[in-house]
Each structure stands twice: as C-alpha cells, then as structure tokens.
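Notes to accompany the following structure.
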Amino acid sequence: MTRGAQPRHAVGRRDVLRLFGLGAVAAAGAQGCSLLTGTPQPQLLTSAAPLPRPYAVPLPIPEVARPVRSAGEVDFYELTGRAAEAELLPGLRTTVWGYGGTFPGPTIRARSGRRTVVKLTNRLGEPTVLHLHGGHTPPESDGFPTDLVAPGASREYVFPLEQRAATLWYHDHRMDYTGPQVWRGLAGMFLVGDAEEEALPLPSGERDVPLLICDRSFAADGTLLYPALEGRPGVREAYMGGVLGDVILVNGAPWPELRVARARYRLRLCNASNARAYELSTGGAMVQIGSDGGLLASPKPVRQIRLAPGERADVVVDFSAYRVGQHVELRNLAGEGAQARVMRFAVDRDESDDSAVPARLSTVEALDPARATVTRDFEFSSGSMHGGTGWLINGRPFDAARMEARPKLGDIEIWRLTSDVAHPVHLHLDQFQVLSVNGERRQGAPEWKDTVELRDAQTVEIVTRFTDYRGRYVLHCHNLEHEDMAMMAAFEVV
Ligand code: C2O
Ligand code: CU
C-alpha cells in the first residue's frame with residue numbers, strides 16, 4: 001500500500017512521453033490558439049493508421065466484473081492495471097493500459113449501500129491512482145491525485161456507495177499524468193443500482209447498454225498517438241488546450257454497430273474523452289431519464305444531448321419507431337467529418353418488449369440556495385506557471401498541500417465558477433445542482449450533476465452540499481490536458 005504525497009515535479013511534465021513510449025507526434029501542427037482570446041484550444045491529432053469504414057465493427061460490451069468474494073454487505077473485487085495488446089483497429093495490434101488488461105475495463109455493477117471494495121494491483125510500471133468518478137467516497141479511497149499506487153504495489157479502495165443509483169465511471173487520476181494514462185485505456189464503467197430504480201419498468205438486461213465514448217488517434221502500426229513532450233519547442237504548448245483524436249471509439253471500437261430489436265433500449269452515455277465534447281443525436285426521439293447523479297424526477301424528451309468530458313446521460317431510445325432493416329446513426333453534431341459519426345444501430349428483428357418509461361422516475365430533492373451559508377468564487381483561466389503557461393484556478397496552479405476552500409460538512413454553499421475558454425468542471429465527493437448560467441436561472445426540475453461544462457467566458461453558479469465524510473478532495477477541469485497542466489484545486493471538508 002502506498003500513501004502520501006510525492007514531490008510534485010519528481011518527473012517533469014516534459015518527460016511524460018518518454019516514459020510512456022507512446023507514438024510521438026512530429027509537428028506541433030496547426031496553431032493552437034483561438035484568435036479571439038489567444039488562449040489555447042483543443043488540437044486534433046491525425047491518425048496515420050488505415051481506419052475502418054464506419055459501422056464495420058460490432059459494438060463490444062465490456063465484461064461485467066465478478067466479485068472475488070462477497071461477505072455480508074460487502075463485495076470484493078480485484079483489478080490489475082496492466083499493459084496488454086488489443087485489436088482496436090481491424091488487423092492492427094495496439095498496446096493499451098487496461099484494468100484487467102482490457103480497454104475499457106470491466107463494468108462494475110454495484111448496489112447502493114453495499115460496500116464495494118476494489119483491490120487495485122499496479123502492473124503498469126508507472127504509478128497510478130484509481131478514482132470512482134461520481135462516487136460518494138471517503139477521502140482515503142477517493143483517489144487523491146498524489147495517493148499513488150507504486151508499480152508492483154496494490155491498494156484497497158473502499159466504496160460504501162451510500163448514494164442513489166447512477167451511471168458512474170472509474171479511471172486513472174495520477175497527478176500530471178491523467179491525460180496520457182486515461183488515453184492509454186485506464187477507464188471503465190461503474191453502474192450503481194438501487195431498489196427504487198429496480199422497481200421501475202425501464203429497459204434492462206441486454207437492453208441496458210453502457211456506451212463509453214472517447215476519441216483516439218493511431219500511428220501507422222496501430223500505436224496510440226499522444227503529443228510528444230520531448231522538449232521539442234512548441235509541441236507541449238500546442239496541445240495544452242487538449243488532445244482530440246480523429247477516431248471515435250465506443251467501448252473501445254471505432255464507429256461500431258449494434259444490432260437491436262424493435263424495442264426500447266436504455267443507453268448509458270459516458271463521455272470518457274480527454275478533451276472532446278459531443279452533441280449526440282439519433283436524428284429522432286430520445287428520452288433522457290438520468291444524469292451524472294442518477295435518475296431525473298421525470299423523463300425529459302430531448303433531440304440531442306451535449307456531453308463534455310466526464311459527463312454522463314442515461315437515455316431511452318425506442319427502436320420500435322423504426323422498421324426492420326433500418327439503420328439509426330448516433331451522430332455527434334459538434335463534430336465534423338469522421339468525428340461527426342459515433343456509432344450505428346441496425347434494427348434487425350421484432351421482439352416483445354414489456355419495458356416502459358414511467359412519467360415519474362424518482363424524487364430529486366432541490367438544494368435551496370436561500371439556505372446557503374457562503375458563496376465562493378472559482379476562476380478557471382490560463383496563466384503563467386513555473387516559468388511557462390498552465391491552467392489555473394483562482395490564479396494558482398494545483399498544490400496538493402493548499403486548501404482552496406474549507407466547506408463545512410452538511411452546509412449548503414453556492415460555488416460561482418467562471419471560465420475564460422470552455423472547461424468541464426468536476427467536483428469530487430458529492431453531486432451538485434446548477435443554479436444559473438450567466439446569471440440566468442436554470443429552468444425545470446433540479447438534477448444531480450458532478451461535472452458541468454462552462455462554455456467560453458461563462459459564469460455558472462452551482463449549489464453544493466458535502467455530506468458524510470470530512471477530509472481533502474479535489475475539484476478540477478475534466479479536460480484532462482488542462483487537469484494535467486494544473487487546473488485543479490484541493491478543498492477540505494471540515
Ligand atoms: Cu473523472 Cu477527478 O475525475
Ligand atoms: Cu479546462
């Protein structure tokens with residue numbers, strides 16, 4: 001078991017790629033700045049590998065992890081982080097870093113209130129940290145970015161899961177290296193169920209489909225590309241806005257296809273990309289039933305769903321609206337060319353369907369901003385850091401030892417988040433509710449979120465309440481290149 005902080009710059013950011021041996025990107029490419037702001041924007045990495053035709057590969061469904069043992073109210077899982085070969089692109093071998101050697105890692109299906117213990121063994125040859133994104137987790141198991149699991153070591157993460165049913169995910173959270181380590185494959189889905197959700201007639205079993213969506217780029221031999229930081233001037237800066245891949249993967253497969261019956265399906269959409277936001281649409285009707293923090297109070301018909309990195313949405317699509325033989329594309333309206341495609345559903349059979357989407361799904365308590373004890377400001381912007389440029393919160397780069405806020409356990413607080421360019425902001429420990437965007441009150445029923453996207457030059461007010469656990473946690477930008485370039489702050493619940 002490894003604990004405690006390591007010196008922040010034991011290994012400089014510039015060494016990341018040498019350590020990884022990821023394919024190097026030769027040129028800085030296009031200029032990485034927005035003309036308007038001069039602030040770095042995400043940059044597209046172009047693959048050299050031959051890419052498959054869209055919808056030629058079947059959608060893989062990650063294996064559901066089985067507990068190694070269960071005792072009373074506790075389930076024990078073992079996960080090993082290790083390198084493995086995978087066929088992501090047809091005919092090419094790609095070395096991935098995976099939980100259990102797979103990318104995505106196995107899906108963990110856990111239950112609210114059942115203690116879930118995950119023993120992570122690190123066979124990666126590099127330090128790692130495990131974080132359950134959206135988990136209501138005590139601090140020692142939350143994957144604080146300096147709580148490293150050293151190569152060869154293991155650590156038990158305890159997730160009490162005293163929380164609602166929700167679509168969560170787990171991923172690497174190592175300080176300064178989350179971007180490259182997640183890019184390599186260290187991510188998986190973590191679905192929490194509970195009695196309330198089970199009592200609903202929602203689509204289940206094979207018709208409850210996790211869709212972990214991310215973008216990647218590949219060298220000619222199938223190696224995952226990631227910007228080389230090998231001291232070549234300008235390369236690191238060119239990609240500090242975020243790395244975009246040109247291949248859209250769903251559950252690790254490029255633009256896959258899923259055969260579906262003429263029936264309702266629950267799709268658990270998770271944006272696991274480093275820096276790409278999606279606007280997902282089937283071109284037809286979708287009903288949103290859940291958000292980051294679980295079920296909505298009632299279903300919401302939507303035409304499209306925007307998901308920034310880290311965000312999730314549960315939607316139900318009723319394929320009985322289509323004929324056998326029809327194809328339904330899931331498109332990304334925020335992308336162009338190949339990046340406007342995500343996957344396709346091939347409607348290939350009739351099947352009976354006794355599922356339904358009831359008019360009432362759950363009860364969502366509204367956090368009352370009038371009861372807030374304090375309003376805190378967090379400004380997300382680029383600025384100078386250690387003699388270069390980085391991403392800052394309130395003008396400062398991440399310092400694991402400095403607490404940016406000390407919220408009191410159980411207090412309602414308003415956190416006012418302000419951006420220069422787009423930043424998906426994620427808080428650990430508890431879900432929050434969005435109050436207003438640029439001063440405009442959010443309409444509609446409250447919903448629980450753990451990640452909210454600030455668009456360019458926005459102010460988003462959220463109402464928070466931290467419960468059950470005292471200790472230190474982080475908030476950060478979930479654009480992983482921003483996060484690695486220090487856009488993170490620690491807070492301590494007291
Ligand atoms: Cu999904 Cu702090 O991370
Ligand atoms: Cu950011």
Side-chain angles (χ1 to χ4, degrees), residues 32 34 37 39-43 104-105 128-137 139 141-147 157 159 166-179 181-183 186-190 212-214 239-244 270-277 292-293 307-312 378-383 385 389-394 397-398 400 417-432 449-458 460 472-491:
S34 119
T37 62
T39 308
Q41 299 291 320
Q43 290 298 303
T128 186
V129 171
L130 178 70
H131 172 59
L132 173 58
H133 182 125
H136 184 53
T137 306
S141 289
D142 193 51
F144 196 84
T146 50
D147 284 351
Y157 292 85
F159 305 120
T167 298
L168 312 182
W169 62 300
Y170 63 99
H171 60 78
D172 178 82
H173 213 301
R174 177 187 173 197
M175 188 172 78
D176 295 354
Y177 297 88
T178 297
Q181 297 200 163
V182 170
W183 187 270
L186 292 172
M189 302 286 279
F190 192 112
L212 183 124
I213 303 171
C214 60
Y239 287 94
M240 72 171 277
V243 180
L244 303 175
C270 172
N271 183 357
S273 306
N274 282 34
R276 180 182 292 281
D292 299 339
L307 287 183
E311 288 187 299
R312 287 92 62 215
F378 297 87
E379 196 194 318
F380 294 77
S381 68
S382 65
M385 168 179 97
T389 310
W391 294 101
L392 314 174
I393 299 178
N394 289 343
F398 181 54
L417 317 170
T418 306
S419 64
D420 54 354
V421 292
H423 299 291
V425 174
H426 171 48
L427 270 59
H428 286 212
L429 181 57
D430 269 292
Q431 305 277 334
F432 54 79
K449 298 278 298 162
D450 56 48
T451 307
V452 63
E453 184 187 30
L454 310 183
R455 309 290 293 266
D456 290 1
Q458 268 191 346
V460 172
R472 46 172 213 170
Y473 292 91
V474 289
L475 77 147
H476 59 88
C477 179
H478 220 289
N479 173 318
L480 299 184
E481 283 71 39
H482 293 191
E483 176 182 346
D484 285 345
M485 296 284 276
M487 192 169 253
M488 176 141 64
F491 63 93

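Whatever order the structure lists ligands and atoms in, that order sets their numbers, starting from 1.
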**Message:** Going by side-chain contact (heavy atoms from CB on, under 4.5 Å), E379 matches just one of N394, L392, I393. Which one?
**Reply:** N394
**Prompt:** Is there an N/O/S atom in H423 that lies less than 2.8 Å from the Cu ion (ligand 2)?
**Reply:** yes
**Prompt:** Does D292 reach the side chain of R312, with side-chain heavy atoms less than 4.5 Å apart?
**Reply:** yes
**Message:** Within the 4.5 Å heavy-atom criterion, are W391 and V421 side-chain neighbours or not?
**Reply:** yes
**Request:** Measure from atom 2 (Cu) of ligand 1 to each N, O or S atom of H131 and report whether any distance is below 2.8 Å.
**Result:** no
**Request:** Give the name of the N/O/S atom in H133 that lies closest to atom 1 (Cu) of ligand 1.
**Result:** ND1
**Complete:** In H171, H478, H173, the residue satisfying ring-ring contact (aromatic ring centres under 6.0 Å, His included) with H426 is H478
**Asked** Going by atom types only, do H133 and T451 share a side-chain donor-acceptor pair under 3.5 Å?
**Response** yes
**Metal-centred angle, ND1 of H482 through the Cu ion (ligand 2) to SG of C477, rounded to 10 degrees** = 130°
**Apex atom 1 (Cu) of ligand 1 - arms NE2 from H478 and NE2 from H171 - angle rounded to 10°** = 110°
**Request:** Give, rounded to 10 degrees, the angle between NE2 (H428) and NE2 (H173) as seen from atom 2 (Cu) of ligand 1.
**Result:** 100°
